[in-house]
Protein chains: 2
Amino acid sequence: MAGRNTVQREIVLEELRGLANHPTADEVYESVHAKHSSISKATVYRILNKLAEEGVALRVKINNGADHFDHQVFDHYHVRCVRCGRVDDVEVPSQASLEEQAARTSGYQICGHTLQFDGICPECQKS
Amino acid sequence: MAGRNTVQREIVLEELRGLANHPTADEVYESVHAKHSSISKATVYRILNKLAEEGVALRVKINNGADHFDHQVFDHYHVRCVRCGRVDDVEVPSQASLEEQAARTSGYQICGHTLQFDGICPECQKS
DNA sequence: CTATGTGCAAAGCCTTTGCACCCCC
DNA sequence: GGGGGTGCAAAGGCTTTGCACATAG
C-alpha cells in the first residue's frame, strides 16, 4: 500500500463501503463526521483521493455537480437521474474496443474512456 | 428564438465560431473581451448557457476542469489530452443503441449518454 | 413601455492547500 | 525520530446570482 494505515483511513473506507449508492465526497464526510466528529473534511477528501489513486475506490465524475465515489472497482458504467441526482450502476458491456477506433481516427494515444447515461430513475418516474 | 437578439449575443456567437478548438467559457470570454472590452464575463457565461440550452452550441463536459463549448452541434464524441487538456472531435459512430440496453438493465428511462475518451494528443506524444 | 439582457461584484459550490501539530512504522 | 497524515481555516477554480441600469421589440 502506498501509505500508512491510519484510523481515519479505516473509518472512511468502512463508511464508503457502508454507503450503498455512490456517495459524494461530502456525503461520505457527513456520514463519517456523524460518528467521529473529530475527522475533518480535508482528511476525508484526501483519503478518498488516495483510495481512488490506489484503485481501492472508483471516482465517478458526474456531469453535474460533485464527484461520486464507488467502492466497487470493477469496470462498469453509471446512470444518473436528471431529476434527483441519484447514481446507479448499469449493466452494459465494456466498450473498450471503441478506444481503438478513437485512436485510429484521432491520432491520440488513447488511455481510457468514460461512458455515462442520463435518465429518470424508477422512483422519479412515478411522479 | 427564445430571447432577444442583442449585440453581445452576436459577438459571442461569432467568436465561438471563430475559435476552432472547443474553447472553454473563459477562453471565449478572453477572446471576446480582447475586442470588446466592455462585455462582462457574466454575460458571456449567460449567453453560452443560453446557446447550449437552445441547441445552438454544445456544452462539452470534460472530466477535469472547465466546461468546453462547441459550435458544431451534430452528434459526436470528444477526446481529451490528459497532458495538455486539448479537446478534439473523435470519429466514432454514435452508440445510441446502448441506451436501450442501459434502460433494460437499470429501469431508468434513459434520455441521453456521454462518451468521452482520454489520451495523449499527437503533439504531446512527441515529448 | 416592459420584459429581458447587461455589467459589476459578490457569493456559491466543490475541492485543494499551507501550516503547525501528531503519530504510525 | 522522521516522513507521511491530520485538522483547521483559508484560498482556489469555475460558475452563478442579486441588483440597478440599459435596451430590444
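Chain letters run A, B, ... following the sequence lines, proteins first and then strands; every chain starts at 1. Keep in mind that the numbers below use all heavy atoms, side chains included, and drop hydrogens, waters and symmetry copies.
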Rounding to 0.5 Å, atoms OG1 (B:T114) and CD (B:Q95) come to a distance of 13.0 Å
Rounded to whole Å, CG of A:L48 lies from C1' of D:dT6 at a distance of 15 Å
Taking C:dC25, C:dT6, D:dT6 as options, the one with an atom nearest any side-chain atom of A:N5 is C:dC25
Rounded to 10°, the angle between the first-five-pair and last-five-pair axes of the helix from C:dC1-D:dG25 to C:dC25-D:dG1 is 40°
- Phosphate OP1/OP2 of C:dT6: any B:T43 side-chain N/O under 4.0 Å: no
Taken to the nearest whole Å, CG/B:L51 to C1'/C:dG5 is 13 Å
request  = Would you indicate, yes or no, if C:dT6 has its OP1 or OP2 atom less than 4.0 angstrom from a side-chain nitrogen or oxygen of B:T6?
outcome  = yes
Taken to the nearest whole Å, CD/A:E53 to P/D:dG5 is 10 Å
note: B:R9, atom CZ; D:dG25, atom C1'; distance rounded to Å ~ 15 Å
B:K41 bridged to B:D26 by N-O distance under 4.0 Å:
yes
- Quick one: are B:T24 and B:V28 in side-chain contact, heavy atoms under 4.5 Å? no
In whole angstroms, the gap separating P of D:dG13 from CD of B:E27 amounts to 15 Å
Of B:V7 and A:V7, the one whose closest nucleotide on DNA chain D sits nearer the 5' end is A:V7
Separation between CD1 (A:I62) and CG (A:N64), nearest 0.5 Å, reads 9.0 Å
Would you indicate, yes or no, if D:dG5 has its OP1 or OP2 atom less than 4.0 angstrom from a side-chain nitrogen or oxygen of A:K50?
yes
Per-nt protein contacts along nucleotides 14-23 of chain D (heavy atom under 4.0 Å; B base, S backbone sugar-phosphate only, - none) come out as SBBBB----B
- Message: Assess whether a salt bridge exists between B:R9 and B:E54, defined as any Lys/Arg side-chain N lying under 4.0 Å from an Asp/Glu carboxylate O.
- Response: yes
Here the distance between atom P of D:dT6 and atom OH of A:Y29, to the nearest Å, is 14 Å
Please report the C-alpha distance between A:Y108 and B:R80 in whole Å, then the side-chain angles of each, then the deciding distance to 0.1 Å, and finally whether the side-chain contact (heavy atoms from CB on, under 4.5 Å) criterion is met. CA-CA 9 Å; A:Y108 274 61; B:R80 168 180 168 272; 6.0 Å; no
Between CD1 of A:I39 and C1' of D:dC8 the distance, given in whole Å, is 15 Å
| Within the structure, does a side-chain N or O atom of A:Q8 lie under 4.0 Å from either OP1 or OP2 of C:dC23? | no
Next item on the list: For the pair A:K35 and A:E15, find out whether any cationic side-chain nitrogen is under 4.0 Å from an anionic carboxylate oxygen.
Entry: yes
Atom CD of A:E30 and atom P of C:dC13 are separated, to the nearest Å, by 14 Å
Worksheet item: Quick one: does A:D70's side chain have a donor or acceptor within less than 3.5 Å of a partner on A:V60's backbone?
Response: no
**Asked** Does the side chain of B:H78 come within less than 4.5 Å of B:F117's, by heavy atoms?
**Response** no
